[in-house]
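Take a look at the structure below.
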2 protein chains.
Amino acid sequence: MKSKDNASETLAKGLKILDLFGVSDAGYTLNQIAGRVGINKTSVYRYVNTYCELGYLQRDERTRLYKLGVRSLALGHAMLENSEIVRLVKPLVDEAHERHNVHVDVGIVSGDAIYLIYRRESKYTTAFRSFSYASDLYYLATGKAAMAYMEPEELRQLVERLELHPKTDKTITDKQELLEELRRVTELGYSYNNEESVPGLIAIGAPLYSLRTNKVIGGVSFDSATDTHTMKEFERLYSTYLVELAKKISAVVSL
Amino acid sequence: MKSKDNASETLAKGLKILDLFGVSDAGYTLNQIAGRVGINKTSVYRYVNTYCELGYLQRDERTRLYKLGVRSLALGHAMLENSEIVRLVKPLVDEAHERHNVHVDVGIVSGDAIYLIYRRESKYTTAFRSFSYASDLYYLATGKAAMAYMEPEELRQLVERLELHPKTDKTITDKQELLEELRRVTELGYSYNNEESVPGLIAIGAPLYSLRTNKVIGGVSFDSATDTHTMKEFERLYSTYLVELAKKISAVVSL
DNA sequence: AACAGTCGTTCCGGTGAGAGGAACAGTTCG
DNA sequence: CGAACTGTTCCTCTCACCGGAACGACTGTT
C-alpha cells in the first residue's frame with residue numbers, strides 16, 4: 001500500500017466498498033465485493049459487517065446478497081436535501097425539463113472526474129440508464145464543455161495526465177483531436193457527445209461557471225437518442241435553451 | 001471503546017463523521033466535528049483528510065469550513081436512483097403530492113430508528129425544514145403507524161428499551177399512554193402526530209407492509225401546519241387518501 | 001505590542017486493532 | 001459424491017492508528 005500521510009487507510013478502503021454500491025442496484029456477494037475493490041476477503045468481511053451493523057448495508061433476505069441499507073438511502077437523501085448547490089440547481093433543471101421535455105444532466109468537476117449530482121430523465125433516454133456517478137471528462141458532453149472552458153494551464157495539465165480509453169468506437173482517443181474539438185466548443189458555446197459514451201446516445205453540453213471566481217465548476221447537458229433526433233436536429237432545437245439554462249444555473253450558483 | 005468483534009472500529013468512527021453532514025448543510029470546523037462525534041481531534045483530522053482527498057468532503061473557500069463534497073452528493077444521488085425501493089415509492093408519492101397538494105414523508109424502519117427516504121414538501125411545511133434523516137419512532141406519525149402494526153412481541157421489546165424524551169410539550173413520555181395510543185391507531189387505521197415532534201406541525205400516518213412477509217417495514221405520513229389545518233379538518237380531508245396511498249406503496253414494495 | 005482565542009497541522013511513542021493467509025462449515029450445483 | 005460457491009473463524013505479526021501535547025498561522029481585543 002502506498003502510504004499517504006495524514007490519512008486513514010482503513011477508512012479509505014472502507015469507502016471503496018460504499019462506492020461500489022453507488023454504481024449498481026444489484027446486490028453483491030462478499031467475494032464479489034472483495035474482488036471489485038481489490039481487498040482481501042477477511043478485511044472486506046469486517047468492513048461489510050460494520051456497514052450492516054450500522055444499517056448502511058443490509059442483506060437481501062431472498063437472494064442473501066449484500067445491498068444498500070435504508071440508512072444509506074436516508075443519508076443520501078438528506079445530503080441532497082441539505083446541499084445548497086442541489087437546492088439551487090433543482091428548480092431550474094426541473095423547469096427546463098418540464099418545458100422542453102428533454103433529458104437533463106448536471107455534472108460537477110472535482111479532481112479529474114465529473115460527478116453527476118442531478119438528473120431528470122426523458123422517456124427517450126430511460127433505456128440508457130447507465131448510471132456511473134463519477135466519470136472521466138473526455139467522453140461526456142458535460143465534461144467536454146467543462147474542459148473547453150478551463151484555464152489553459154489547468155487544461156494542459158489535465159490532458160497531459162489523461163488516458164483516453166475508448167468507451168465506444170466513436171470515443172475520441174487522440175489528444176490532439178480532443179484539443180481541437182475543445183477549441184471548436186469555445187467557438188460554438190456548447191459541446192457534443194456524439195455516441196462517444198454509449199451507442200445510440202447523443203447529447204449537447206454547456207459549461208457551468210462560478211461568476212465569483214470566474215472558474216468552470218462543471219457542465220449541464222441535454223441528452224437524446226439517435227432514433228429520436230439526429231445531432232443536427234437536436235442541436236437546432238435545443239442548443240439555445242441549453243446555453244440559457246447553463247447561464248441561469250451559473251448565476252444562482254455562487255460557489 | 002467497547003469492542004464488538006468482526007467489525008472495524010475505525011470505519012465506524014469515520015462514518016460517524018459522514019453522518020454528521022447528513023443532518024445539516026452548515027459547514028463545520030475540525031474542532032466542531034471532533035466535539036460532535038466525540039473523537040479526539042487528531043483522529044478526526046486524519047479522517048477528514050481522507051474524506052477530502054477522496055472528494056467526499058471539501059473546504060468552503062470563503063468560510064474555510066468543512067462541508068459536503070461533490071462526490072458525496074453524486075454518490076447519494078446515485079444510491080437513490082439505483083435503489084429499487086425508492087424507484088418504486090417515488091411515482092406513487094409524487095402522484096399523491098401533486099393531486100392533493102400535501103406534504104408527504106416516507107420512512108423505513110431499521111433497528112430502533114425510522115429513516116426518511118423520500119419526501120415531497122408542500123408550501124405549508126417548508127418553514128419546518130427540520131431535517132434529521134434518522135429519528136426515534138415514538139414522536140412521528142410514520143413511526144407510530146409502524147409501531148402500531150408491529151408484531152406484539154417485537155413491539156413489547158422495542159417499548160421496553162425505549163427512552164421517551166420529550167421533543168415538545170406534547171410528546172408522549174409515558175409508555176402506558178403510548179401503548180394505548182398505538183391501540184387506538186390500529187382501530188382507526190392511521191396515526192396522529194399532534195405537534196409531538198415540532199410545535200405547529202401536525203401529521204397523520206399509515207403503516208407500510210411487506211405483503212410477502214406480512215411485516216411492517218415503515219410508514220407514510222401527510223403533514224401540515226396548525227395554522228393551515230386543525231387536526232380534525234386534516235384528518236377528515238386526507239385520511240382516506242393517506243391509507244389508500246399506504247396500501248398502494250405496500251403493494252408495489254415486495255421487499 | 002502583547003494578548004487570548006481560534007484555526008489546522010505536526011510530532012512521537014506505545015499499543016492494540018486490523019491485515020490476511022489458511023482452514024472452516026454450510027449451501028447449492030451438476 | 002465432489003466441485004464451487006457462500007460466509008465465518010482462527011491465528012500470528014506488525015504497522016497503522018491513537019491521542020496528548022506542542023506548533024505556527026490568523027483573527028480580533030485590549
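In what follows, chains are A, B, ... by sequence order, proteins preceding strands, each numbered from 1.
Side-chain atoms of A/Asn40 and A/Tyr45 form no donor-acceptor pair, as typed in the model, at a separation below 3.5 Å. Using a 3.5 Å distance cut-off with no hydrogens or angles, the side chains of B/Tyr133 and B/Asp19 do pair a donor with an acceptor.
Between B/Ser43 and D/dC18 there is a side-chain polar atom (N or O) within less than 4.0 angstrom of OP1 or OP2. Note on A/Lys13: every side-chain N or O is 4.0 Å or more away from OP1 and OP2 of C/dG18.
B/Tyr45 has its OH atom 13 Å from the C1' atom of D/dG24, to the nearest Å. In this structure, the CG atom of B/Leu65 is 10 Å from the P atom of C/dC7, given to the nearest Å. Rounded to whole Å, the distance from CG on A/Asn31 to P on C/dG21 is 13 Å. Following rounding to the nearest Å, A/Ile17 (CD1) and C/dG18 (P) show an atom-to-atom distance of 13 Å. Spacing between atom CD of A/Glu9 and atom C1' of C/dG20 amounts to 14 Å, rounded to whole angstrom units. Remark: P of C/dA19 and CG of B/Asn6 are 13 Å apart, rounded to the nearest angstrom. Atom pair A/Lys41:NZ and D/dT6:P shows a separation of 7 Å (rounding to whole Å applied). Following rounding to the nearest Å, A/Ile33 (CD1) and D/dT8 (C1') show an atom-to-atom distance of 15 Å.
Ring pair A/Tyr209/A/Tyr149 is perpendicular by interplanar angle, where above 60° counts as perpendicular and below 30° as parallel.
Nearer the 5' end of DNA chain D, as judged by each residue's closest nucleotide, is the contact made by A/Arg46, out of A/Thr10 and A/Arg46.
The side chain of A/Asn49 sits closest to D/dT8 out of D/dT8, D/dC18, D/dG7. Here C/dA19 is the nucleotide among C/dA19, C/dT9, D/dC18 with the atom lying nearest to any side-chain atom of A/Tyr47. Relative to the side chain of B/Asn40, the nucleotides D/dG20, C/dG20, D/dT8 differ in distance, and D/dG20 lies closest.
The backbone N or O of A/Leu54 lies less than 3.5 Å from a partner atom in the side chain of A/Arg71, making a donor-acceptor pair.
No contact: A/Arg64 has no heavy atom under 4.0 Å from any strand.
With a cut-off of 3.5 Å on both pairing distances, the Watson-Crick and G-U wobble pairs of DNA chain D assemble into stems of 3 or more at C:4-6 with D:25-27, C:8-23 with D:8-23, C:26-30 with D:1-5.
Two residues are said to be in side-chain contact when any heavy atoms from C-beta on lie closer than 4.5 Å; A/Leu158 and A/Met150 meet this criterion. At a threshold of 4.5 Å between non-hydrogen side-chain atoms, the residues A/Leu140 and A/Ser221 do not count as touching.
Counting distance only, with no hydrogens placed and no angle test, the side-chain atoms of A/Thr42 and the base atoms of C/dG21 include a donor-acceptor pair under 3.5 Å.
With sequence neighbours left out, B/Tyr28 forms a ring pair (Phe, Tyr, Trp, His ring centres under 6.0 Å) with B/Phe21.
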